[in-house]
**Student:** 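Attaching a single structure in structure tokens format; questions to follow.
For ligands, and for the atoms within them, numbers begin at 1 and follow the listed sequence.
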Amino acid sequence: MTLSNGRHMLAIPGPSIMPDRVLQAMHRPAPNIYSGLMEEITYSVIADLKRVALTKGDVAIYISNGHGVWEASLANVMNRGDKVLALASGRFGEGWAHVAKRLGGEVQLLNYGVHKSFDEQELRDALAADKSHEIKLLITTHVDTSSSIKYEIPKIRAILDEVGHPALLMVDCIASLGCDEFEMDEWGVDVMIAASQKGLMTPPGIAFVFANEKAKGMRESVENVSPYWDWKPRLNPQIFYQYYGGTAPTHHLFGLNEALKMILDEEGLENIWRRHETLAKAIWAAFDAWADVQDPAVIMNVKDPILRSHAVTSAKISNQRATPLRIWLEENFGLTLGIGLGMADMNDPEINSYFRIGHMGHLNAHMLLGTLSSIEAGLMHFDIAHGKHAIDNAALICTQHLKTS
Ligand SMILES: *Cc1c(COP(=O)(O)O)cnc(C)c1O
């Protein structure tokens, strides 16, 4: 007999858990899309998005998912044949580089696999070797959602400055915005992309390109920008509907507006970063305990805590036991974990040794502790060797959090 009846828990790295308030805000008839409430919400959402990104730059809103803004961002700053330097530690960094290639970029991909961050010296050398500054763009992920590796973006900015290289720094924050600390202006990021369905707690379907003055300047030198992706009318519309290149995504805006109020006016961005940090540390404590046996079967992908995302954790259960555990949890416990992505070829049976926990957005201590306890039940069920006290240790991290604020 299953124990899965009750509220289902979706612990995949996007779409994240959506607050009922966000869903309820969407449950209403469509408004006039040309004036009144839609205009008000648009101005409010744009101002709030910039507060979440911590930028004085501008934001263009697209009716698209994350893949769309990979393309939208590049379309505005890249001519065919331009050199692009891409840094990747996982499927998503590689994916953006692939889009740059498809759009005609001459892409140099520094690929670090799925276990390591970028190599600072290699980056420095690649930039220093480009004496005539042919590299126009440096594209990378803040968090690669497949490996759960987080890049230290300020280090990339520091290397660009040290070498005196003018390439535009473009960062994919789809999995990190509203979860991990990120400060666009302070960190010297020129273009940042995000989407609605992860830290922003809103259904998938709208996505964002943030651009500073330097990036908007680059736009002027691009010859053929496809009309839908062109950010110019979206940033400075002459008529209201140009903000959205057509019909406004009315209900997504209602939902996002509510989510942004929760983020900025109620919990506060810094508290959100701290909550995600603590919940991530609770997960790490559990994994450390599970791995505390001879020949551990259950291991986290990223060894160095500095390089770990606070929103997604990629992990392994040896001998292809992650997939059966995921399926068992979904059927019996009402818990859906994320599949392993990019950790092995999708046709290689070894991909079944990997899974991910999404812990982004509308997630509190009891949801997280329930997720961890359910995983532990799965380890017991499948007789997978694991150390003791994982849940105690995770619970302790949560209680300690309360004493720090
Ligand atoms: C989810 C994600 C994407 C892709 O977003 P989609 O909405 O699935 O197209 C891209 N980059 C990162 C870092 C992501 O986490």
**Student:** Atom CG in L260, atom OG in S44: separation rounded to 0.5 Å?
**Tutor:** 7.5 Å

**Student:** So, using side-chain hydrogen bond (donor to acceptor under 3.5 Å, both in side chains) as the criterion, who are the partners of Y241 when residues are at least two apart?
**Tutor:** none

**Student:** Check whether the side chains of S147 and H115 place a donor and an acceptor atom closer than 3.5 Å, and report yes or no.
**Tutor:** no

**Student:** For ligand 1, run through the N/O pairs with the protein that fall under 3.5 Å and put one pair on each line.
**Tutor:**
residue	atom	partner	partner atom	Å
ligand 1	7 (O)	G66	N	2.8
ligand 1	7 (O)	Q197	NE2	2.6
ligand 1	9 (O)	N65	OD1	3.4
ligand 1	9 (O)	G66	N	3.1
ligand 1	9 (O)	H67	N	2.8
ligand 1	9 (O)	H67	ND1	2.5
ligand 1	11 (N)	D172	OD2	2.7
ligand 1	15 (O)	T145	OG1	2.4
ligand 1	15 (O)	K198	NZ	2.6

**Student:** S374: which residues meet the side-chain hydrogen bond (donor to acceptor under 3.5 Å, both in side chains) condition with it, sequence neighbours left out?
**Tutor:** none

**Student:** Name all pairs fulfilling the salt bridge (charged side-chain N to carboxylate O under 4.0 Å, His left out) condition that reach into residues 58-80, sequence neighbours left out, sorted by first residue then second.
**Tutor:** K50-D58, D58-K216

**Student:** Which value, rounded to the nearest 0.5 Å, describes the distance between L307 atom CG and D144 atom CG?
**Tutor:** 12.5 Å

